[in-house]
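Written out below as structure tokens is the structure these notes cover.
Bear in mind the structure is a predicted one, so any value in this text is a computation, not a measurement. The first residue in the sequence is number 1, and the count goes up from there. Atom set for the values below is all heavy atoms of this structure, side chains included, hydrogens, waters and symmetry mates excluded.
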Amino acid sequence: MFKKTKPLIIANWKMNPETEQEAKTIASDIKEGIKNIKGINTVICPPVIFIDSVKKTLGKTILLGAQDAFVGNGSSHTGEISLEMIKKTGAKYILVGHSERRETEDTEEEIREKVSGVLKSGLKAVLCIGENERSEHGDYYHEVKIQIISALTGLQKKYTKNLVIAYEPVWAIGNKDNTALNSESLYEMAIFIKKILNDIFGQEIAKNIPILYGGSVNKNNAKELMENGKVNGLLIGRESLKVQNFIEIIKKIKA
Ligand code: PEP
């Protein structure tokens, strides 16, 4: 059911840092810190205005992603940035339906359109899902199931090879006590997600769709979450901007 893959570590910089110079410095320090580590796919998703300069700083070893994209026709969309524009920057990944966007911007329908638009454009879609709360009754399983079904219904199997699922329980994202999900519960959720993917696309496809975990990942829990949670990678927010911590996370995963 779980295929072992090269770990995929995605840094979500959100609306940070404040300047292009800082973005370049962070990127360059990360590049230097992990230059001898092989066998891990690292992706950085900076604010879109920094993608170009971060890409120039990183060269080819670390890939780039965007935190969102506009999927639709025409150019009369003030404030939006199209998939094609993002593609031209050289970014390869797009986060779709991050909980911070679900809260204020993206509806389930828009998320479905974005996933399908991103995949059809040949870019990788990182579909973010996750429950708001963990109640005792296990309702969160239902919440996660609805999100997956809603985002992936109707997606043709041929587009699934660039699909990544990032399971991010909302309560664990940016958690001020830095509380991540424990790896046992993560494993249970990973099995559940695989089962839903299995029901939608069949076993052959489901087993190849990577599942990442995100939510208060840090240097102390990263390896344990990956190994015992049996996920294919991590989506990291705050700690991805703390260069030394981020480098240490990658080193620990590799060790
Ligand atoms: C995120 O924003 O996707 C995230 C996981 O944030 P953090 O690692 O800070 O909890």
Side-chain angles (χ1 to χ4, degrees), residues 8 10-24 26-27 41-60 62-130 146-166 168 170 173 200 209-210 212 214 235 237 240-241:
L8 171 61
I10 304 184
N12 176 13
W13 284 4
K14 310 193 188 198
M15 212 166 69
N16 301 291
E18 281 183 11
T19 66
E20 181 180 359
Q21 190 48 51
E22 282 175 274
K24 287 200 302 201
I26 297 171
N41 288 328
T42 307
V43 179
I44 295 181
C45 302
V48 97
I49 55 159
F50 299 148
I51 289 184
D52 195 41
S53 45
V54 168
K55 183 159 195 319
K56 285 186 184 122
T57 307
L58 292 173
K60 288 199 174 121
I62 298 176
L63 296 173
L64 268 296
Q67 299 167 21
D68 184 47
F70 177 80
V71 172
N73 300 320
S75 58
S76 300
H77 301 287
T78 304
E80 299 287 3
I81 297 168
S82 75
L83 264 179
E84 285 311 312
M85 288 168 165
I86 290 173
K87 210 171 168 181
K88 282 183 190 141
T89 66
K92 301 281 184 233
Y93 287 75
I94 313 241
L95 304 184
V96 179
H98 189 280
S99 66
E100 286 158 12
R101 293 197 55 84
R102 285 180 189 262
E103 210 182 319
T104 52
E105 312 279 340
D106 294 354
T107 63
E108 296 283 0
E109 199 183 330
E110 282 162 343
I111 291 167
R112 176 164 58 242
E113 280 167 12
K114 284 185 187 187
V115 171
S116 137
V118 170
L119 293 173
K120 285 179 184 164
S121 79
L123 293 172
K124 292 190 186 276
V126 182
L127 170 65
C128 302
I129 49 156
I146 297 291
Q147 288 175 349
I148 299 175
I149 290 175
S150 160
L152 300 179
T153 296
L155 182 71
Q156 286 176 273
K157 288 182 181 176
K158 66 177 176 186
Y159 293 119
T160 53
K161 78 171 183 347
N162 282 335
L163 174 65
V164 177
I165 305 284
E168 299 203 291
V170 179
I173 298 178
I200 304 177
I209 299 175
L212 314 184
L235 177 51
S240 68
L241 285 146

Would you give the length of the straight line joining atom [atom1] of [X] to atom [atom2] of [Y], rounded to the nearest 0.5 angstrom?
X: Lys114; Y: Leu95; atom1: NZ; atom2: CG; value: 11.0 Å
X: Leu155; Y: Ser116; atom1: CG; atom2: OG; value: 6.5 Å
X: Ile51; Y: Lys88; atom1: CD1; atom2: NZ; value: 14.0 Å
X: Lys56; Y: Phe50; atom1: NZ; atom2: CZ; value: 14.0 Å
X: Lys92; Y: Leu123; atom1: NZ; atom2: CG; value: 7.5 Å
X: Leu64; Y: Asp52; atom1: CG; atom2: CG; value: 9.0 Å

Closest non-hydrogen atom pair, [X] against [Y]:
X: Ile62; Y: Ile44; answer: CG2-CG1, 3.9 Å
X: Leu8; Y: Val43; answer: CD1-CG2, 3.8 Å
X: Leu83; Y: Ala69; answer: CD2-CB, 3.9 Å
X: Val115; Y: Ala151; answer: CB-O, 4.2 Å
X: Val71; Y: Glu113; answer: CG1-O, 3.6 Å
X: Ala11; Y: Ser240; answer: CB-CB, 3.4 Å

Going by heavy atoms in the side chains, are [X] and [Y] under 4.5 Å from each other?
X: Ile10; Y: Leu212; result: yes
X: Ile86; Y: Val48; result: yes
X: Thr160; Y: Leu152; result: no

Item to complete: Test side-chain contact (heavy atoms from CB on, under 4.5 Å) on Leu63 and Thr42 and set out the steps.
Response: CA-CA 6 Å; Leu63 296 173; Thr42 307; over 6 Å; no
Discussion item. Walk me through whether Asp68 and Ile94 qualify under side-chain contact (heavy atoms from CB on, under 4.5 Å).
Written reply: CA-CA 6 Å; Asp68 184 47; Ile94 313 241; 5.6 Å; no
Test item: [X] side-chain N/O and [Y] main-chain N/O as donor-acceptor pair under 3.5 Å:
X: Ser82; Y: Met85; value: yes
X: Arg102; Y: Gly97; value: yes
X: Gln67; Y: Cys45; value: yes
X: Ser150; Y: Gln147; value: no
X: Glu110; Y: Thr107; value: yes

Practice prompt. Count the heavy atoms belonging to other residues, nucleotides or ligands that lie under 6.0 Å from NZ of Lys87, then report whether that count exceeds 12.
Written response: yes
Practice prompt. Show your reasoning for whether side-chain contact (heavy atoms from CB on, under 4.5 Å) applies to Ile26 and Trp13.
Written response: CA-CA 11 Å; Ile26 297 171; Trp13 284 4; 3.6 Å; yes
Fill in: Residues Glu22 and Thr19: side-chain donor-acceptor under 3.5 angstrom
yes
Discussion item. side-chain contact (heavy atoms from CB on, under 4.5 Å) for Leu235 and Glu168? Distances and angles first, verdict last.
Written reply: CA-CA 8 Å; Leu235 177 51; Glu168 299 203 291; 3.5 Å; yes
